[in-house]
Amino acid sequence: MSDAAAKRTPKVNEPDQIWSPLQRVILPSTDQLDTIPLYMDTGSATGVQLSTMNGDAHTDSQSPSAAMPGKEAHAEDFLSRRSTSVRPGERVSFGTYFNAFPASYWRRWTNLDTVRLSVRTTGTGAVSVYKSNARGSLQHVQTQRVDSPATSTFELSLKPFGDGGWYWFDLVAGSEPLILEEAEWQAPGEPVKPGAVTLEITTLNKTSFCINNLRILGEHPEALAFVKEVLIVDQGTEKVADAEGFAEVEALLDGKLRIINQANLGGSGGFARGMYEAVENGSDYVLLLDDDVVMEPESISRLLTFADRCKTPTIVGGHMFDLYNRTVLHTFGETVNPYRFQPDQPHDQMTLGHDFVRSNLRHTPWLHRRVDVDYNGWWMCLIPTKVIQDIGLSLPVFIKWDDAEYGLRAKSAGYPTVSMPGSAVWHVSWIDKDDLVGWQAYFHTRNRMIAALIHSPYEHGGRVVRETGYIDLKHLISMQYFTAQGRVMALRDLLKGPEHLHEILPTKLPEIRALTKKFSDSQIQAEPEAFPAPVMHKPPRHGQGFSAPSYTTLIPWAAKTVIRQLTKKVPASSLEHPQAYIAHQDNKWWRMSQYDSAVVSNAEGTGASWYKRDPKQLRVLLAEAVKLNAEILKNWQKLSDQYREALPEITSFEAWKKTFAEHSEESK
């Protein structure tokens, strides 16, 4: 584009043209300045990112080029949630996660073919608009010079964004500060009448998180404008209503807050209650939120605005950032691998745990490709009540796989799910958790298998039963007998059929936790001094430690290991002293299988437990796991028919209403 074309005045709209808001440009609150790179950065439009944090250089293996030291972002320049000042001669870019416009999503899922960017400024300088394509190639669209005061508008086509791409703008100040008063992305025509939302949080003893999120809502009344009710489903023993600060936040919410106390029915029980109540109170949507999150309140209006304009009723979810490393995005979208029936990434270029400080939006090509998903995590997920009325409520599975199964069920009924960029929460990361070990192993195993029985397109569920057997063996030869016991219980309960799922919702977790007394590997001690000093009478050969078997040697290695563990007597010294202390990150099945006993730290770093090899436990649990997996594989089609036929009943309003009535604390 020539300089003359770049400087020409954008098309002036007809006086009677009406434009309605889609997405406002926002800035971080003053207590969240560590998130600045998600809202604004000081990089050039096409060069490498310039750091907003202390001028430090950052590198990233996913970035085409390393970030160079740059100008700091100054807290005093942020004038409000919508306004900032650009210092003389400097440039800031809004090509960021929260402020770039995800054009390809609007192009794909709504009927819009044109949007308008409106930027109101004070001072002299320039407003430059850019776009990208699905490959992450950046293109300059148009530049307008501005004098004080000015409103710059740009009409922008959505037609080129079939597979991906964003719009954004940069501000360049002249010889004096250029102030962004406000900016927003708009759609032609009258605003769509917004749907009413029930915002529901399921909580279990996370009172401080709940109070904080209620306060955020109360302090951002624009986020509450179309919220019909804020519903807390409190399943804990530490009640939100008794927490310090509750009266204050209740007053801020101006009569919109309601609390339901019920027994601990898990995430699925809490979220199903939110779905149920949203339909009952006449809401158009339910917005499900985890309790251990910090929300970006603007996300609420963004999800609602997008959902209201979707071509068909659509589930619209927000992304998840790491609460303790706030510029790190957990995932950009999730699918289910239909053959393995495991959560999967939509494409190979996607990076889990992407840090926007290390590589910003404009310099991370895979972020420009539109991601089509199977489901969105229920840390933040907006579901139309029309969908709920059609396909039912959550599966009664307590925890794990409820969100993935619901997305697959909705998809098969013709209702898509969209994970919407620019809408997100900060959530406690799974980096410091290992929910495949311990009491949650029961729910992982059973619920994955139930979801596969209902939705797998493959005969015998593809690879799911085989992988379940492999995982059982890994836990057993790692001396994780409590975990293995939970997995065996899961397979037993699966074979009993779907009719008992509601009945065991409140009882299964206490039953599993009662077993911890029988297994040393499930008994956590906080201090290292709680265990005897390690003694290793026979160290590894040549002092080289243990290594993982290769693919070609895996089967004979596994057979030899199982035989050794079954037949070799555990030395008395290993029952009196652990052979080693093992850090959580070193707790690999191929390493642990070589010990007779070891103290292993947990993922959270709060303690450790003593793993002890027990040939008798191994023999009993291995035999039962093999038997149960074989039975499931043999009867896969029969079980699949059984669970599919029961699905409408066990997810129905009537079934859940009965469960709520039996376990509602108000009714007691």
Side-chain angles (χ1 to χ4, degrees), residues 1 5-6 8-26 39-40 45 82 93-121 127-134 136-144 146 150-171 180-194 298-312 314 316 361-362 367-371 418-423:
M1 181 179 290
R8 68 173 178 254
T9 303
K11 176 183 176 181
V12 178
N13 301 302
E14 296 297 326
D16 60 350
Q17 175 69 62
I18 296 174
W19 294 87
S20 54
L22 294 177
Q23 177 178 308
R24 306 189 308 173
V25 169
I26 54 172
Y39 296 85
M40 186 189 81
R82 301 200 63 190
S93 177
F94 293 92
T96 56
Y97 175 83
F98 278 120
N99 284 320
F101 185 76
S104 64
Y105 291 79
W106 289 91
R107 163 80 161 78
R108 168 65 180 87
W109 300 108
T110 76
N111 289 316
L112 288 181
D113 55 18
T114 302
V115 294
R116 184 176 82 160
L117 170 65
S118 176
V119 183
R120 187 161 64 87
T121 55
V127 182
S128 293
V129 179
Y130 298 86
K131 70 177 181 179
S132 65
N133 59 24
S137 300
L138 313 185
Q139 302 172 23
H140 175 250
V141 178
Q142 197 170 14
T143 292
Q144 181 181 359
V146 294
T151 298
S152 306
T153 60
F154 305 83
E155 287 190 41
L156 306 165
S157 172
L158 295 181
K159 292 181 180 179
F161 296 93
D163 292 327
W166 303 66
Y167 276 122
W168 67 90
F169 69 96
D170 287 9
L171 295 180
L180 172 68
E181 301 289 354
E182 63 178 10
E184 68 179 15
W185 304 89
Q186 302 168 336
E190 295 280 359
V192 174
K193 182 182 178 182
E298 192 73 12
S299 299
I300 298 173
S301 61
R302 290 185 178 183
L303 292 178
L304 177 60
T305 301
F306 183 80
D308 281 338
R309 288 182 175 270
C310 283
K311 299 172 186 175
T312 62
T314 301
V316 187
L361 173 66
R362 293 165 297 139
L367 285 170
H368 296 256
R369 176 177 172 177
R370 190 189 70 247
V371 172
V418 176
S419 292
M420 189 63 185
S423 305

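Residue numbers count from 1 along this sequence. Note that the structure is predicted; figures quoted are calculated from it, not measured. We use all heavy atoms of the structure for the numbers below, so side chains are in, but hydrogens, waters and symmetry mates are not.
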Evaluate the side chain to side chain contact (heavy atoms under 4.5 Å, CB included) criterion for residues Arg302 and Ile26: first the C-alpha distance (whole Å), next the side-chain angles of each, then the deciding distance (0.1 Å), finally the verdict.
CA-CA 12 Å; Arg302 290 185 178 183; Ile26 54 172; 3.7 Å; yes

In terms of the angle between their ring planes, are Trp106 and Phe101 parallel, tilted or perpendicular, with boundaries placed at 30° and 60°?
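Parallel.
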
Plane angle bin for His368 and Trp166 - parallel if under 30°, tilted between 30 and 60°, otherwise perpendicular:
perpendicular

Would you call [X] and [Y] a side-chain contact if the rule is heavy atoms closer than 4.5 Å?
{"X": "Leu158", "Y": "Val115", "result": "yes"}
{"X": "Val127", "Y": "Leu171", "result": "yes"}
{"X": "Met420", "Y": "Pro102", "result": "yes"}
{"X": "Thr114", "Y": "Leu156", "result": "no"}
{"X": "Asn111", "Y": "Lys311", "result": "yes"}
{"X": "Thr153", "Y": "Leu117", "result": "no"}
{"X": "Thr151", "Y": "Ser118", "result": "yes"}

Is Glu182 paired with Arg24 through a side-chain N to carboxylate O contact shorter than 4.0 Å?
no

So if I apply the ring pair (Phe, Tyr, Trp, His ring centres under 6.0 Å) rule between Tyr167 and each of Phe94, Phe154, Phe161, Tyr130, which one comes out positive?
Phe161

Between Phe98, Tyr39, Phe169, Trp168, which is the residue that forms a side-chain contact (heavy atoms from CB on, under 4.5 Å) with Val25?
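Per the side-chain contact (heavy atoms from CB on, under 4.5 Å) rule, the option paired with Val25 is Phe169, out of Phe98, Tyr39, Phe169, Trp168.
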
Minimum heavy-atom separation for [X] and [Y], please, with both atom names.
{"X": "Thr96", "Y": "Ser93", "result": "CG2-O, 4.0 Å"}
{"X": "Ser299", "Y": "Gly422", "result": "OG-O, 4.2 Å"}
{"X": "Val192", "Y": "Arg309", "result": "CG2-CZ, 3.6 Å"}
{"X": "Ile18", "Y": "Glu190", "result": "CD1-OE2, 3.1 Å"}
{"X": "Ala307", "Y": "Val316", "result": "CB-CG2, 3.8 Å"}

Interatomic spacing from [atom1] in [X] to [atom2] in [Y] - rounded to 0.5 Å:
{"X": "Gln139", "Y": "Asn133", "atom1": "CD", "atom2": "CG", "value": "6.0 Å"}
{"X": "Leu367", "Y": "Tyr97", "atom1": "CG", "atom2": "OH", "value": "9.5 Å"}
{"X": "Tyr105", "Y": "Arg370", "atom1": "OH", "atom2": "CZ", "value": "7.5 Å"}
{"X": "Leu22", "Y": "Asp308", "atom1": "CG", "atom2": "CG", "value": "11.0 Å"}
{"X": "Ser132", "Y": "Leu361", "atom1": "OG", "atom2": "CG", "value": "7.0 Å"}

Neighbour count >12 (heavy atoms, 6.0 Å) for atom NZ, Lys159
no

Donor-acceptor under 3.5 Å (Thr305 side chain, Ser301 main chain)
yes

So, Lys131 side chain and Pro160 main chain: donor-acceptor pair closer than 3.5 Å or not?
no

Does either side chain, that of [X] or that of [Y], offer a donor lying less than 3.5 Å from an acceptor on the other one?
{"X": "Gln186", "Y": "Glu184", "result": "yes"}
{"X": "Asp170", "Y": "Ser128", "result": "no"}
{"X": "Arg116", "Y": "Ser20", "result": "no"}

Applying side-chain contact (heavy atoms from CB on, under 4.5 Å), can you list everything that pairs with Pro188, at least two apart in sequence or on another chain?
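Testing Pro188 for side-chain contact (heavy atoms from CB on, under 4.5 Å), a comparison that skips the adjacent residues, returns Gln17, Trp19, Leu112.
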
